[in-house]
Amino acid sequence: MFTARAISSFSDDPAKFLSCYKHQFQISVEEATQPPGWIRTDLNGICVDTAPDVTITYLKSAKNDVVALILGIAIDSDGKLLEDTRDISDADGNCSITLIEEFIESLAGRYLGVVSYNGDKRVYLDPVGDYSAVYNAESKISASTSLFAIDRDFIDNPDIPYRKVRTGQLNYSLGHTRDAKVRRQFANHYLDLTTFQQVRHWPKEDTDLTTRDDPADISEIMDKITARLSSVFCEILREKTCIVPLSGGRDSRCLVACGMPEIHRASTLFAWRFHRMSKWDTEIGSEIAESLDLPYKVFTHIPTTRDDKMLFLRRNGYNLFGPTLLSLAICESLPGDMVMTRGNVMGVLRATNWRGQTEGKLKIGHALRRLQMGNIKDFPELVPLLKADIRSWHASLPDCGKLKVYDLLWFEVSLTHGQGTRNYGIPNNFVVNPFNDRLCLQLSMQLPLSLRQTDEAYDMILDRTAPPLKEFRYN
């Protein structure tokens with residue numbers, strides 16, 4: 001029987017296991033040991049084990065059969081939080097794998113879908129893989145992190161050795177993890193639990209990603225983005241106890257603006273202060289919060305210890321290092337057991353991944369730089385492998401997606417390998433990006449690069465929600 005390394009490492013201390021691994025999961029199609037204190041759900045031949053703090057919604061057909069599980073926090077297309085059970089049959093009482101997939105694609109938040117219907121067994125991620133997953137085809141396991149996907153010590157990745165990651169020379173991306181047999185799932189691909197192959201499901205051939213240049217069309221796009229973001233964020237504020245970052249940046253300010261009808265429900269707005277730039281963030285955030293008569297807290301620098309770092313790495317499967325460690329102890333000091341809303345995914349409105357590029361052209365060198373995998377030029381033997389990985393990923397895109405290649409590379413690869421992995425390492429609050437929604441992403445990609453690269457989209461959101469916030473300086 002498969003017993004995850006994460007479990008065996010705490011065989012004598014189940015309480016410590018539970019405190020270590022929050023918000024995590026293990027999905028198996030063959031016999032596997034249930035993690036201590038976790039909840040086991042049998043979904044038509046799929047064994048889904050979840051930490052006790054993971055929210056589960058049961059998707060049912062008209063026959064009352066459970067056809068899928070949604071783990072995490074998800075908001076539907078009507079702006080309602082998923083909870084308990086949901087009948088997803090159509091008006092005629094029919095259900096299909098296509099209908100299930102379309103429902104999952106319509107959700108916003110940080111979530112994972114497990115589907116078992118008429119022989120189809122699949123794992124779906126949220127649009128940018130914020131609730132990230134890895135898989136081991138040999139062990140027939142899908143899981144939150146690598147230590148739940150192996151039942152042994154790590155077999156070092158021969159292409160990106162751990163020592164190179166540990167010393168900051170390289171970073172894992174393009175599916176690579178610390179273990180040679182464990183791969184990270186790309187966002188917008190489902191994992192087929194029969195073949196353990198990834199299959200792209202979005203964008204589809206007919207997904208409308210055509211760039212609009214007419215001012216009236218752009219205005220309509222911004223109306224839709226603002227309305228959807230406000231709908232999602234306000235529902236989270238109504239239904240969850242939230243702690244909301246507010247800095248001197250554009251993402252957090254626009255998010256707060258879209259949440260104005262319900263932002264008073266937040267436990268507090270806050271910012272970290274651990275270097276000069278974050279000092280200015282706290283000053284600007286404090287000014288904005290004061291103008292809105294909202295509570296605001298500043299969490300100051302706390303040195304990160306070696307024990308802090310090792311716990312962080314154990315939790316995320318030894319897959320992420322770098323700048324996160326600077327603020328690790330501060331993050332752990334925040335009040336816990338809440339939902340922390342973030343604005344990171346709104347970066348698509350800035351088109352930062354397109355600097356110096358034009359739509360529709362893939363330049364491998366630029367793609368490699370945007371993946372931020374480290375000092376690639378120092379490892380010439382690695383470059384052909386990574387280029388082949390990028391070409392393979394690119395080949396899966398429909399024509400409409402190839403026009404927006406650097407946006408999708410960021411959503412599907414960079415974010416799930418970065419913040420999607422990081423979030424497991426700092427689990428005192430459940431992190432959710434309200435902008436993590438395929439409608440918002442699709443609409444954003446319809447905006448011309450010339451507009452996105454001037455930050456005008458952010459101003460247009462503030463014009464529709466809270467114009468006075470435009471008067472405050474940015475950091």
Side-chain angles (χ1 to χ4, degrees), residues 1-4 6-7 21-74 76 81-90 93-107 109-126 129-145 148-149 151 185 187-199 201 430:
M1 179 186 296
F2 178 91
T3 301
I7 300 172
Y21 295 113
K22 298 179 179 180
H23 316 315
Q24 301 213 28
F25 56 86
Q26 175 182 278
I27 301 166
S28 55
V29 292
E30 296 182 355
E31 194 172 11
T33 299
Q34 180 177 350
W38 282 24
I39 297 166
R40 170 159 288 187
T41 304
D42 183 8
L43 178 65
N44 307 323
I46 304 175
C47 185
V48 183
D49 294 317
T50 52
D53 55 10
V54 174
T55 300
I56 303 176
T57 301
Y58 301 85
L59 304 187
K60 293 187 174 183
S61 68
K63 298 177 181 179
N64 210 36
D65 297 325
V66 177
V67 296
L69 308 177
I70 302 296
L71 314 183
I73 291 179
D76 69 14
L81 178 74
L82 261 62
E83 53 187 351
D84 300 327
T85 63
R86 178 72 68 93
D87 183 350
I88 62 167
S89 303
D90 64 18
N94 299 317
C95 188
S96 67
I97 190 64
T98 300
L99 192 66
I100 297 168
E101 181 173 276
E102 289 174 349
F103 180 81
I104 293 173
E105 289 174 347
S106 73
L107 301 174
R110 182 181 171 210
Y111 63 88
L112 178 137
V114 188
V115 176
S116 182
Y117 181 79
N118 281 358
D120 287 302
K121 300 180 188 298
R122 304 175 178 180
V123 174
Y124 289 84
L125 303 182
D126 60 59
D130 253 1
Y131 213 0
S132 64
V134 297
Y135 62 95
N136 184 337
E138 289 188 357
S139 299
K140 306 296 184 185
I141 292 285
S142 168
S144 48
T145 54
F148 285 98
D151 58 356
Q185 185 174 341
N188 300 317
H189 296 64
Y190 67 77
L191 178 67
D192 187 320
L193 293 177
T194 302
T195 64
F196 273 80
Q197 297 293 313
Q198 296 190 68
V199 180
H201 65 89
F430 191 77

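As the structure is a prediction and not an experimental result, all values here were calculated from the model. Numbering of residues begins at 1 and proceeds along the displayed sequence.
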K.L.:
Only counting residues at least two apart or in another chain, list the ones meeting side chain to side chain donor-acceptor pair (under 3.5 Å) with His23.
P.N.:
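With sequence neighbours excluded, His23 shows a side chain to side chain donor-acceptor pair (under 3.5 Å) to Asp53, given in chain and number order.
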K.L.:
Listed by chain and number, what are the salt bridge (Lys or Arg N to Asp or Glu O under 4.0 Å) partners of Asp49, not counting sequence neighbours?
P.N.:
Arg40
K.L.:
Would you list the pairs meeting salt bridge (Lys or Arg N to Asp or Glu O under 4.0 Å) in which at least one residue belongs to residues 26-39, sequence neighbours left out?
P.N.:
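Matches after skipping sequence neighbours: none remain.
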K.L.:
Arg122: which residues meet the salt bridge (Lys or Arg N to Asp or Glu O under 4.0 Å) condition with it, sequence neighbours left out?
P.N.:
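With neighbours one apart ignored, the set is Glu101, Asp120.
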K.L.:
Which of these, Val123, Asp130, Thr50, sits in a side-chain contact (heavy atoms from CB on, under 4.5 Å) with Leu112?
P.N.:
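Exactly one pass, corresponding to Val123.
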K.L.:
Say whether, by atom type as modelled, one donor and one acceptor occur between the side chain of Thr195 and the main chain of Gln197 under 3.5 angstrom.
P.N.:
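Yes; judged by distance alone, with no hydrogens or angles, the pair exists.
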K.L.:
Distance-only, no hydrogens or angles: does the Glu102 side chain make a donor-acceptor pair with backbone N or O of Ser106 under 3.5 Å?
P.N.:
no
K.L.:
Ignoring hydrogens, what is the shortest heavy-atom contact between Phe196 and Ala137? Give both atom names and the distance.
P.N.:
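Nearest pair, atom of Phe196 first, then Ala137: CB-CB, 3.8 Å.
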K.L.:
Are Phe148 and Phe25 an aromatic pair by the rule of ring centers under 6.0 Å?
P.N.:
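Ring-ring flag for Phe148/Phe25: false, centres at least 6.0 Å apart.
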K.L.:
Taking all non-hydrogen atoms of both residues, which atom of Val67 and which atom of Ile88 are closest, and how far apart?
P.N.:
CG2-CD1, 4.3 Å
K.L.:
Taking all heavy atoms of Ala51 and all of Trp38, pick out the closest pair and write down the distance.
P.N.:
N-CD2, 3.5 Å
K.L.:
Which heavy atom in Ile141 sits nearest to a heavy atom in Ser28, and how many Å separate them?
P.N.:
CD1-CB, 3.4 Å
K.L.:
Between Ser89 (side chain only) and Ala62 (backbone N and O only), is there a donor and an acceptor less than 3.5 Å apart?
P.N.:
yes
K.L.:
Applying side chain to side chain donor-acceptor pair (under 3.5 Å), name anything that partners Thr3, two or more places apart in sequence or on another chain.
P.N.:
Thr33
K.L.:
State, to 0.1 Å, how close Leu191 and Ser142 come at their nearest heavy-atom pair, and which atoms those are.
P.N.:
CD2-CB, 4.0 Å
K.L.:
Show, in sequence, the C-alpha distance, side-chain angles and deciding distance for Ser144 and Gln26, and conclude whether the side-chain hydrogen bond (donor to acceptor under 3.5 Å, both in side chains) test is met.
P.N.:
CA-CA 7 Å; Ser144 48; Gln26 175 182 278; over 6 Å; no
K.L.:
Got a sec, which residues hit ring pair (Phe, Tyr, Trp, His ring centres under 6.0 Å) with Tyr111, two or more places apart in sequence or on another chain?
P.N.:
none
K.L.:
With Ser116, which residues qualify under side chain to side chain donor-acceptor pair (under 3.5 Å), at least two apart?
P.N.:
Lys121
K.L.:
My understanding is that only residues two or more places apart in sequence, or in another chain, count here; which of them pass side chain to side chain donor-acceptor pair (under 3.5 Å) with Glu105?
P.N.:
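Counting only residues at least two positions away or on another chain, Glu105 forms a side chain to side chain donor-acceptor pair (under 3.5 Å) with His201, Lys204.
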K.L.:
Could you name each residue pair satisfying ring pair (Phe, Tyr, Trp, His ring centres under 6.0 Å) that touches residues 40-74, not counting sequence neighbours?
P.N.:
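Listed by first then second residue: nothing to list.
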K.L.:
Please give me the minimum heavy-atom distance between Ala187 and Gly129, naming the atom from each residue.
P.N.:
CB-N, 3.5 Å
K.L.:
Return the set of residues passing salt bridge (Lys or Arg N to Asp or Glu O under 4.0 Å) with Asp65 (not counting sequence neighbours), or none when no residue passes.
P.N.:
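Salt bridge (Lys or Arg N to Asp or Glu O under 4.0 Å) list for Asp65, sorted by chain: empty.
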K.L.:
Which residues pass the salt bridge (Lys or Arg N to Asp or Glu O under 4.0 Å) test with Glu138, sequence neighbours left out?
P.N.:
Lys181
K.L.:
Can you list everything that forms a ring pair (Phe, Tyr, Trp, His ring centres under 6.0 Å) with Tyr190? Sequence neighbours excluded, please.
P.N.:
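Counting only residues at least two positions away or on another chain, Tyr190 forms a ring pair (Phe, Tyr, Trp, His ring centres under 6.0 Å) with Tyr124.
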